[in-house]
Amino acid sequence: MHKQVIPHMDLGHIAASGQCFRMNALPSGAYQVIAGDRQVTITPEGRDTFLFDCGKDIFDSLWHPYFDIGTDYASLASLVPKEDHFLQASLAYARGLRILRQDPWETLISFILSQRKSIPAIKGCVENLCAGFGASLPEGAFAFPTPQALALADERALQACGLGYRTRYVQGTARMVAEGQVDLEALRLLSDGELQEQLCRFPGVGVKVAQCVMLFAYARFNAFPRDVWILRVEQNEYHGRFPEENYPGTAGILQQYMFYFGKSKEYILWKEQHGQAGI
DNA sequence: GTCCAGGGTAAGC
DNA sequence: GCTTACCATGGA
């Protein structure tokens with residue numbers, strides 16, 4: 001057990017934000033997190049205190065970086081002009097939302113699956129893949145499958161996980177990684193532009209999926225993935241395009257807040273009060 | 001029954 | 001360089 005004070009962390013927002021697909025609330029109010037072949041249960045205690053069911057060494061080496069605890073999220077609001085009411089509202093609504101530093105392989109496959117799927121549907125597919133091709137973990141959980149496991153998987157068995165037409169994307173990508181054609185860890189050395197270019201070599205990966213992997217696995221906070229929700233927000237609140245160049249080093253974090261708020265029911269209510277487009 | 005989801009690809013211009 | 005049909009599946 002390890003108790004840790006972490007300001008500005010809301011596990012509910014993170015779990016529901018659509019950046020990860022294997023973090024779930026338990027009936028007790030705790031959260032189960034599975035990342036790669038690791039799992040941890042986190043119990044919130046009061047406002048900023050969390051109990052991790054692991055030792056301090058595992059917390060320091062694994063979960064501290066995973067939850068991006070070194071980044072200051074509280075100062076984000078000061079970077080945003082007061083006139084940008086939508087972005088200010090997004091930051092207030094999703095207070096405690098963080099950008100996780102996930103495993104590149106798991107994130108790559110998860111977001112290849114994500115195209116034209118709802119978040120609950122993605123979570124279902126990911127769980128099917130883990131149960132079918134992942135190693136067994138304690139307490140009946142399953143690790144995310146290795147590149148080798150998915151590269152060798154039977155095509156019909158993959159189809160049965162609900163992948164649909166994405167099956168050949170997953171197989172093709174898994175084979176490229178399993179054969180060592182691309183080293184996902186070595187890509188950390190590349191610039192943003194080079195990293196996006198290399199990720200787009202995988203089948204089923206375009207600019208949007210590449211930018212999600214850059215943001216959620218490689219901690220590239222300048223990445224600004226545009227999905228249908230963000231395009232909608234840009235149309236409604238920014239006359240077509242959000243000025244990401246005004247936020248070097250944080251645009252991607254703001255994107256996640258805008259995505260999460262723009263997709264919520266609270267945004268509908270907020271819009272009725274504020275009416276006109278923002279900046 | 002219809003519509004939509006954290007889009008990509010290949011064909012056409 | 002740019003649009004446009006097509007792609008499987010589950011949930012609302």
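Throughout, a chain's letter reflects where its sequence line sits, starting with A, and its residues are numbered from 1.
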Determine, stepwise, if the pair A:Thr71 / A:Arg101 fulfils side-chain contact (heavy atoms from CB on, under 4.5 Å).
CA-CA 11 Å; A:Thr71 296; A:Arg101 297 187 186 225; 4.1 Å; yes
Mind checking who shares a hydrophobic cluster with A:Ile268, ILVMFWY linked at side-chain heavy-atom distances under 4.5 Å?
none
Decide, yes or no, whether a salt bridge links A:Arg22 with A:Glu106 under the criterion of side-chain N to carboxylate O below 4.0 Å.
no
Under 4.0 Å, counting only non-hydrogen atoms across every strand here, what does A:Gly204 touch: a base, just sugar-phosphate, or nothing?
sugar-phosphate
Within the stacking criterion (centroid distance below 5.5 Å, interplanar angle below 30°), does A:Phe111 stack on B:dG6?
no
Report the residues that fulfil ring-ring contact (aromatic ring centres under 6.0 Å, His included) with A:Phe111, sequence neighbours left out, ordered by chain and then residue number.
A:Phe21, A:Phe216
Looking across every strand, which nucleic acid part, if any, lies under 4.0 Å from A:Ile230 by heavy atom: base, sugar-phosphate, or nothing?
base
Roughly how many Å is it from NZ in A:Lys208 to P in B:dA5, rounded to a whole number?
12 Å
Results of salt bridge (Lys or Arg N to Asp or Glu O under 4.0 Å) for A:Glu185 - residues two or more places apart only:
A:Arg188
Classify the nucleic acid contact of A:Tyr260 as base, sugar-phosphate or nothing, counting any heavy atom under 4.0 Å across all strands shown.
nothing
Contact list please: residues 94-107 of chain A against DNA chain B, heavy atoms, distance less than 4.0 Å, in numerical order.
none
Please work out if A:Ser110 contacts a base, only the sugar-phosphate, or nothing of the nucleic acid, heavy-atom cut-off 4.0 Å.
nothing
What does nucleotides 7-12 of chain C look like as a protein-contact string, B for base, S for sugar-phosphate only, - for none, at under 4.0 angstrom between heavy atoms?
BBS---
Categorize A:Gln211 for me: base, sugar-phosphate, or nothing, with a 4.0 angstrom heavy-atom threshold over every strand shown.
nothing
By side-chain contact (heavy atoms from CB on, under 4.5 Å) - contacts of A:Cys54 (at least two apart):
A:Val40, A:Phe52, A:Ile58, A:Phe59, A:Trp63
Nearest atoms (heavy-atom pairs only) where A:Ile99 meets A:Leu215:
CG2-O, 3.4 Å
